[in-house]
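Take a look at the structure below.
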Amino acid sequence: MNRRRSMAFYVECLLLTVFLLGLTAVLAQLFSAARAQALEARRLTDAQRLVQNVSEEFYAAADEADFLRLAGLDEGDAAKGEVERTGPSGETYRLSMELTERPHTAGRTVTLHLAVRAAGGGELCDFEFVRYWPD
């Protein structure tokens, strides 16, 4: 009888250990997924703030040269350029800006295509902004 009780106790301990290991594995996966989502959310928030800043520079600029100066691009790189900016969280992002224009009789319509990439690689978002600049 005593041997059966001790064997039942060992089986119960073994099952409990397996259950706890499985529960620990599930919780580790949940926390890992939550961390990945938090990182993605932080990067998207940073990208949105950077895009908002550049769009405000675009709409505040008097002309193309003024926008390039505000955006930190060289005059010779007017059509297409890249600039690095640090987001609010401290992470560095690469912003690709491309200006295209459509001439009109009394001015031109300028489109700014803006793409934000994380330092580690992939594109986070891209937007287009359109405005009119008189001659």
Side-chain angles (χ1 to χ4, degrees):
M1 278 287 257
N2 196 11
R3 184 174 169 99
R4 284 188 185 181
R5 284 186 193 167
S6 64
M7 185 63 121
F9 176 75
Y10 288 132
V11 169
E12 186 178 341
C13 284
L14 182 64
L15 289 175
L16 185 59
T17 303
V18 168
F19 174 75
L20 287 176
L21 286 173
L23 183 63
T24 302
V26 168
L27 288 176
Q29 287 180 347
L30 281 175
F31 285 125
S32 174
R35 180 168 165 70
Q37 283 184 342
L39 178 64
E40 182 181 358
R42 188 187 79 216
R43 285 183 174 164
L44 287 173
T45 300
D46 281 354
Q48 182 269 330
R49 287 183 178 173
L50 290 172
V51 166
Q52 182 178 357
N53 290 342
V54 172
S55 70
E56 288 173 1
E57 293 166 357
F58 180 63
Y59 289 118
D63 58 7
E64 189 174 342
D66 192 27
F67 168 67
L68 294 174
R69 184 185 54 76
L70 288 171
L73 294 170
D74 295 330
E75 288 280 340
D77 200 14
K80 196 173 198 177
E82 286 195 358
V83 65
E84 278 192 5
R85 291 204 178 174
T86 303
S89 68
E91 192 170 344
T92 303
Y93 297 91
R94 194 155 208 55
L95 281 71
S96 299
M97 297 179 222
E98 182 179 352
L99 289 174
T100 55
E101 55 184 63
R102 214 172 64 201
H104 294 286
T105 55
R108 61 203 162 147
T109 302
V110 179
T111 302
L112 170 66
H113 181 79
L114 181 63
V116 181
R117 286 193 235 356
E123 188 173 296
L124 296 172
C125 61
D126 64 342
F127 292 95
E128 282 191 359
F129 302 96
V130 179
R131 75 165 288 184
Y132 174 81
W133 272 328
D135 283 338

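These figures come from a predicted structure and were not determined experimentally. Residue numbers start at 1 and run along the sequence shown.
Residues Glu57 and Arg131 are not paired through a salt bridge, judged by the lack of any N-O separation under 4.0 Å between the basic side chain and the carboxylate.
Minimum interatomic distance between Ala71 and Val83 (heavy atoms only, all atoms of both residues): O-CG2, 3.9 Å. Between Glu82 and Leu73, the shortest heavy-atom distance links the atoms O-CD2, 3.8 Å. For the pair Val110 and Phe58, the tightest heavy-atom approach, listed with the atom from each and the gap, is O-CZ, 3.7 Å. Minimum heavy-atom separation, Ala47 to Val116: CB-CG1, 3.8 Å. The shortest non-hydrogen separation linking Tyr132 to Ala106 is OH-O, 2.7 Å. When all heavy atoms of Leu124 and Arg43 are compared, the pair lying nearest together is CD1-O, 3.8 Å.
For the residue pair Ser96/Arg117, the side-chain donor-acceptor check at 3.5 Å is satisfied. No side-chain donor from either of Thr100 and His113 sits under 3.5 Å from a side-chain acceptor of the other.
Tyr59 contributes no side-chain N or O that, together with a main-chain N or O of Val54, makes up a donor-acceptor pair within less than 3.5 Å.
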| request: Mind running side-chain contact (heavy atoms from CB on, under 4.5 Å) on Glu64 and Trp133 for me, showing each step along the way? | output: CA-CA 8 Å; Glu64 189 174 342; Trp133 272 328; 3.8 Å; yes

| said: Please determine whether side-chain contact (heavy atoms from CB on, under 4.5 Å) holds for the pair Glu98 and Leu112, giving the CA-CA distance in whole Å, both sets of side-chain angles, and the decisive distance to 0.1 Å. | reply: CA-CA 6 Å; Glu98 182 179 352; Leu112 170 66; over 6 Å; no

| task | Begin from the C-alpha positions of Arg102 and Arg108 and carry the test side-chain contact (heavy atoms from CB on, under 4.5 Å) through to its verdict. | result | CA-CA 6 Å; Arg102 214 172 64 201; Arg108 61 203 162 147; over 6 Å; no

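Remark: Arg42 CZ is packed, more than 12 non-hydrogen atoms of other residues, nucleotides or ligands lying under 6.0 Å away. Counted within 6.0 Å of CD on Glu56, heavy atoms from surrounding residues, nucleotides or ligands total more than 12; the atom is thus considered enclosed.
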